[in-house]
Number of protein chains: 2
Amino acid sequence: MLQNPNPAPAYYQQAETLLVAVDCIIFGFDGEKLKLLVFKRKLNPFAGAYSLIGSFVHPSESTTDAARRVLFDFTGLQDIFLEELHVYSEVDRDPGARCISIAKYALIRVTDYHKALSDHYDTEWVALDSLPELVLDHNRMVADALQRLKQKAQFYPIGFELLPKKFTIPMLQRLYEEIFERSFDARNFRKKLLSLTLVKPLPEKDRTTSKKGSFLYRFDYKKYERLSKKGFQFSLFKI
Amino acid sequence: MLQNPNPAPAYYQQAETLLVAVDCIIFGFDGEKLKLLVFKRKLNPFAGAYSLIGSFVHPSESTTDAARRVLFDFTGLQDIFLEELHVYSEVDRDPGARCISIAKYALIRVTDYHKALSDHYDTEWVALDSLPELVLDHNRMVADALQRLKQKAQFYPIGFELLPKKFTIPMLQRLYEEIFERSFDARNFRKKLLSLTLVKPLPEKDRTTSKKGSFLYRFDYKKYERLSKKGFQFSLFKI
DNA sequence: ATAATAAATGTAATTAATACATTTATTATA
DNA sequence: TATAATAAATGTATTAATTACATTTATTAT
């Protein structure tokens, strides 16, 4: 990286600064439905209304730092899937101030979340198909994030971030059916998944959904990384 | 959208503001090679160095407005493909000031650019495989944009934004070979393209590259929009 | 012992992708 | 005016991937 040869503070000083926020679209899957974690605001502005979980970005942190900070504060979770969605910067998007928001979406394992200790009891999981009205442009952010989730999940194995680390094939199928709003043939789904050889069978069964029980599997992230470096393209179905 | 019921300026006033910039990764294709439009800085900071084309975001404009403003200033072009790439916000990314940059990539038709009158003669097209060193984290931005271009071009018909509106099939194939750094079989490429029925044949030929001449086609954006709303997924090849 | 339930399994038919060589239209040159 | 040179255009057979579809299995509760 070139180092600045002639620092010219005047160049920067004549530019105007803006408020910069991050807002997190936090998805979860309870085994049945896709859910969104929202925040019921206790304080102004927008006291009593629902909003995404967010914060202003401090000068001493990157936008990723800020997002991870609020995710930790609100869920107690670290090391979760987090990816930038889009910058929302319309001049009139926030009537309170000129503020741009960098939206990021996160995928969390609801099972881990339940265990995690959070000091926030003002968060709520809501079903994506019956979202409340959210403040500002947050409903738009959620709609965009959902579209991105669909796009991304079609060619990247990010669905596994929403399941417990040990999952069954029927669980994964239900998640895919929920994300893509369509059904899959159980035989073909299983066959295609196993043909990728990216899930490792475990000698254990999950017995919460049937008497027979269903074998548990684990996604092999290392193998996926190796293959994708060689040009492998993950996909479980053709549109 | 909920309107702010209790404006609370104090909430905003206690937050710190940041400098926000946009930087544009501008791709072009000259029929042979992928090119990047860069700016040779005449003034400080970084006088004499190469940089992406960018600007600070004014409080009175969105980040898209800002990007379109600089694109127009530097190329004279409007209505070009422009999409957000990523927010670069590492605390130490700019030694001159705490400044985040929203990188956007643009695809332009070099043929149009040559015609456009621009009052900037300090821009240069450089080949992507022999990029100069750029200021700050701009080389990283270009690398990320190139990766995004590959990803996006695989499932969206954005390659057509880099070609003249009337193009030949061999031209398109050369562009794809350049983007994906691989070769395609001319028969299979043509067959696949025509099977999508998204390019309309014209009764004209381009004779700049052969004595025989090659028929010109036009991409049918309206048909593509219609089909993609029904779930159609554009793709010219399997990885 | 039987009923009930979700999990697990295989094959044939269809569709899509790949590999591969010759002819065509045209211009420049002998 | 015949020939050489050049890039464009074309078809088929093989292989791989996707789809459609119905029965058996393991287990628990009755």
Side-chain angles (χ1 to χ4, degrees), chain A residues 30-32 153-155 163-164 166-178 180 182-218 227 230-239, chain B residues 30-32 153-155 163-164 166-178 180 182-218 227 230-239:
Chain A
D30 64 4
E32 200 55 50
Q154 193 165 121
F155 297 110
L163 294 177
K166 295 174 181 184
F167 57 85
T168 68
I169 294 178
M171 257 185 230
L172 182 70
Q173 185 179 336
R174 280 191 293 273
L175 171 62
Y176 268 70
E177 291 180 335
E178 184 68 8
F180 295 102
R182 55 164 284 194
S183 61
F184 293 94
D185 176 273
R187 279 165 293 190
N188 293 338
F189 187 87
R190 175 182 296 264
K191 199 194 319 177
K192 178 72 191 184
L193 175 68
L194 296 176
S195 77
L196 302 178
T197 66
L198 284 172
V199 294
K200 286 191 290 197
L202 302 173
E204 313 159 55
K205 280 186 166 186
D206 170 82
R207 300 196 185 271
T208 56
T209 53
S210 85
K211 296 158 188 168
K212 182 179 178 180
S214 183
F215 279 105
L216 290 162
Y217 291 79
R218 191 184 273 282
L227 292 178
K230 288 182 194 155
F232 164 78
Q233 174 90 63
F234 176 90
S235 173
L236 282 179
F237 63 95
K238 262 206 71 169
I239 206 164
Chain B
D30 63 4
E32 201 55 51
Q154 193 163 122
F155 297 110
L163 294 178
K166 297 173 180 183
F167 56 86
T168 67
I169 296 179
M171 256 185 233
L172 182 70
Q173 183 179 337
R174 280 191 292 273
L175 171 62
Y176 268 70
E177 291 180 335
E178 184 68 9
F180 294 103
R182 55 164 285 195
S183 60
F184 293 94
D185 176 274
R187 279 165 294 191
N188 294 338
F189 187 86
R190 176 182 297 263
K191 198 192 321 176
K192 178 72 193 186
L193 175 67
L194 295 176
S195 77
L196 302 178
T197 67
L198 284 172
V199 294
K200 287 193 289 199
L202 302 173
E204 312 159 56
K205 281 187 166 185
D206 170 82
R207 299 195 186 273
T208 57
T209 54
S210 83
K211 296 158 188 168
K212 183 178 179 181
S214 183
F215 278 106
L216 288 162
Y217 291 80
R218 191 184 274 281
L227 292 178
K230 289 183 192 152
F232 164 79
Q233 174 89 66
F234 176 92
S235 174
L236 282 179
F237 63 95
K238 264 206 71 171
I239 205 165

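In what follows, every chain begins at residue 1, and chains take the letters A, B, ... in the order their sequences are listed.
Which of D:dT6, C:dA19, D:dA22 sits closest to the side chain of B:Asn188 comes down to C:dA19. For A:Pro170, the side-chain atoms get nearest to C:dA7 when compared with the rest of C:dT27, D:dT28, C:dA7. Side-chain proximity of B:Lys238 to D:dC21, D:dA9, C:dA17: nearest is C:dA17. Considering only the side chain of B:Ser210, D:dA7 comes nearest among D:dT19, D:dA7, C:dT9.
OP1 or OP2 of C:dA8 lies within a sub-4.0 Å distance of a side-chain N or O belonging to A:Arg190. The side chain of B:Thr209 contributes no N or O atom lying less than 4.0 Å from OP1 or OP2 of D:dT6. Within the structure, a side-chain polar atom (N or O) of B:Ser214 is placed less than 4.0 Å from OP1 or OP2 of D:dA9.
Nearest-nucleotide mapping onto DNA chain D: of B:Lys211 and A:Ile239, the residue sitting toward the 5' end is B:Lys211. Remark on DNA chain C: of its neighbouring residues A:Arg174 and B:Lys192, the 5'-side contact belongs to A:Arg174, judged by nearest-heavy-atom nucleotide.
Taking every heavy atom of both residues into account, B:Pro170 and B:Arg190 meet most closely at CD-NH2, 4.1 Å. In terms of heavy-atom proximity, B:Leu236 sits nearest to B:Leu193 at CD2-CA, 3.7 Å. Between B:Gln173 and B:Ala186 the shortest heavy-atom distance is OE1-CA, 3.4 Å.
Nucleic acid contact for A:Phe215: sugar-phosphate only, since backbone atoms but no base atoms lie under 4.0 Å from a heavy atom of the residue. Within 4.0 Å (heavy atoms only), B:Lys191 reaches at least one base atom of the nucleic acid.
Rounded to whole angstrom, the span from the CG atom of A:Asp185 across to the C1' atom of C:dG10 amounts to 12 Å.
The nucleotide D:dT27 finds its pairing partner in C:dA4, both defining distances of the Watson-Crick or G-U wobble pair being shorter than 3.5 Å.
The base of D:dT6 is not paired with the side chain of B:Lys212 by any donor and acceptor separated by under 3.5 Å.
Contact of the A:Leu227 side chain with the A:Phe234 side chain is not registered, since no non-hydrogen atoms from C-beta on lie closer than 4.5 Å.
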